[in-house]
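Have a look at the structure below, then the notes.
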Amino acid sequence: MTSLGRVTLLTADFFNRDPRRVARALLGKLLVRRTPHGILAGRIVETEAYLGKGDAAAHSAAGRTARNAVLFGPPGYAYVYFIYGSHYCLNVSCLPDGVAGGVLFRALEPVAGIEQMAEARGVAEKTDLRKISSLRKISSGPGRMAEALGVTRARDNGKNLVNARSDLRIVHDGYRVRRVTVTPRIGIVKSAEQPLRYFIAGNPFVSGRSL
DNA sequence: GAGGAGATCGTCT
DNA sequence: GACGATCTCCTCT
């Protein structure tokens with residue numbers, strides 16, 4: 001069991017604004033999963049903003065469907081989608097009810113429940129968790145962090161991330177981010193040139209092959 | 001360490 | 001029926 005110390009739950013208002021501001025503000029916050037076996041937590045070190053209007057890369061670009069309905073709903077809710085036949089990705093809805101927009105969580109720095117997350121990823125016995133190169137395999141990438149926290153569409157899509165009773169939520173522990181780097185988003189073709197990817201400068205847990 | 005290709009299935013056309 | 005907000009393995013250096 002692990003304690004996170006004193007933390008503050010984010011509010012719906014935090015997410016009720018432009019996804020670009022939310023993506024930047026989310027850096028340094030903690031994503032927390034409560035399980036029967038203890039707390040899993042990671043610090044958010046990399047995000048991407050997906051805008052509702054004029055963003056061809058966003059899932060909401062073609063209008064509302066059963067799949068992307070959460071993006072059009074109220075702010076602070078989890079949008080989980082399945083990609084490439086094997087991975088889940090976690091987003092949070094932004095902007096008021098009726099307006100599409102969201103932020104994709106791309107990478108976490110493991111903070112609590114590290115062994116349990118490594119086990120969920122299938123890397124617990126193969127690697128030395130004292131090494132940063134091994135810890136990177138846990139949650140440095142959208143599919144990886146979703147698997148580490150046990151995020152699936154069936155379990156978490158539409159879940160309120162700013163409700164104290166939720167088993168998946170986002171909190172602030174007072175951590176301050178020194179410097180943020182902004183680059184184009186990864187893995188997309190449409191609107192690929194827009195600088196909408198944000199990460200903590202110099203943080204070793206940001207996704208990608210090397211720094 | 002870097003780069004490339006295959007895996008695999010839900011969602012929308 | 002095509003494609004994708006990715007990951008891992010394999011090869012080459």
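Letters go in sequence order (proteins before strands), and every chain restarts at 1. Keep in mind it's a predicted model, so treat the numbers as computed, not measured.
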Runs of at least three consecutive Watson-Crick or G-U pairs, both distances under 3.5 Å, are what I'm after; which ones involve DNA chain C?
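Correct response: B:1-7 with C:6-12, B:9-12 with C:1-4.
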For B/dT8, does OP1 or OP2 lie under 4.0 Å from any side-chain N or O of A/Ser86?
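No, because none of the side-chain N or O atoms of A/Ser86 sits under 4.0 Å from OP1 or OP2 of B/dT8.
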Examine C/dC7: is either OP1 or OP2 under 4.0 Å from a nitrogen or oxygen in the side chain of A/Arg121? Give yes or no.
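Looking at the OP1 and OP2 atoms of C/dC7, neither is under 4.0 Å from any side-chain N or O of A/Arg121.
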Specify the separation, in whole Å, of atom [atom1] of [X] and atom [atom2] of [N].
| X | N | atom1 | atom2 | answer |
| --- | --- | --- | --- | --- |
| A/Glu46 | C/dT6 | CD | P | 10 Å |
| A/Leu71 | B/dC12 | CG | P | 12 Å |
| A/Asn68 | C/dA5 | CG | C1' | 13 Å |
| A/Tyr84 | B/dT8 | OH | C1' | 12 Å |
| A/Lys190 | C/dA5 | NZ | P | 7 Å |
| A/Asn157 | B/dT11 | CG | C1' | 13 Å |
| A/Ile83 | B/dG10 | CD1 | P | 12 Å |
| A/Glu147 | C/dA5 | CD | P | 19 Å |

Is the ring pair A/Phe82/A/Tyr88 parallel, tilted or perpendicular, if the boundaries are 30 and 60 degrees?
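The rings of A/Phe82 and A/Tyr88 sit tilted, inter-plane angle from 30° to 60°.
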For [X], report the nucleic acid contact type (base, sugar-phosphate, nothing); a contact means any heavy atom under 4.0 Å.
| X | result |
| --- | --- |
| A/Phe82 | sugar-phosphate |
| A/Arg185 | nothing |
| A/Arg197 | nothing |

Is A/Arg6 salt-bridged to A/Asp173, going by a charged N under 4.0 Å from an acidic O?
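A salt bridge is absent here (no side-chain N lies under 4.0 Å from a carboxylate O).
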Verify whether one side chain among A/Arg106 and A/Thr47 offers a donor that lies under 3.5 Å from an acceptor in the other.
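No pair is found: no donor N or O on one side chain lies under 3.5 Å from an acceptor on the other.
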Taking only N/O atoms, report every protein-nucleotides 10-13 of chain C pair under 3.5 Å with atom names and distance.
none

For a quick check, tell me whether the side chain of A/Tyr81 and the base of C/dA5 share a donor-acceptor pair closer than 3.5 Å.
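Present.
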Donor-acceptor contact below 3.5 Å, side chain A/Arg136 vs main chain A/Pro204:
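Checking the backbone N and O of A/Pro204 against the side chain of A/Arg136, a donor-acceptor pair under 3.5 Å is found.
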Does A/Arg121 reach the main-chain N or O of A/Lys137 with its side chain, forming a donor-acceptor pair under 3.5 Å?
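Present.
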Taking the nucleotide of DNA chain B with the nearest heavy atom to each, does A/Arg153 or A/His87 sit closer to the 5' end?
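Between the two, 5'-proximity favours A/His87.
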Could you tell me whether A/Arg155 atom CZ has more than 12 heavy atoms of other residues or ligands within 6.0 Å of it?
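Yes, CZ of A/Arg155 has more than 12 neighbouring heavy atoms, counting only those of other groups under 6.0 Å.
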What are the two closest non-hydrogen atoms of A/Cys89 and A/Leu104, and how far apart are they?
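Shortest heavy-atom contact: CB-CD1, 3.9 Å.
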Any idea which heavy atoms bring A/Ala78 and A/Leu90 closest together, and the distance?
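Shortest heavy-atom separation between A/Ala78 and A/Leu90 comes out as CB-CD1, 3.9 Å.
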Report yes or no: is the ring centroid of A/Tyr50 under 5.5 Å from the six-membered base ring centroid of C/dA5, with the two planes under 30 degrees?
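Yes, A/Tyr50 stacks on the base of C/dA5, since the ring centres sit under 5.5 Å apart and the planes are within 30°.
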Within-4.5 Å side-chain heavy-atom neighbours: A/Cys94 and A/Arg17:
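SC-SC contact between A/Cys94 and A/Arg17 ruled out.
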Taking the nucleotide of DNA chain C with the nearest heavy atom to each, does A/Arg144 or A/Val189 sit closer to the 5' end?
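Of the two residues, A/Val189 wins.
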Are A/Tyr79 and A/Tyr77 near enough that their ring centres are under 6.0 Å apart?
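Centroid distance A/Tyr79-A/Tyr77: not below 6.0 Å, so no.
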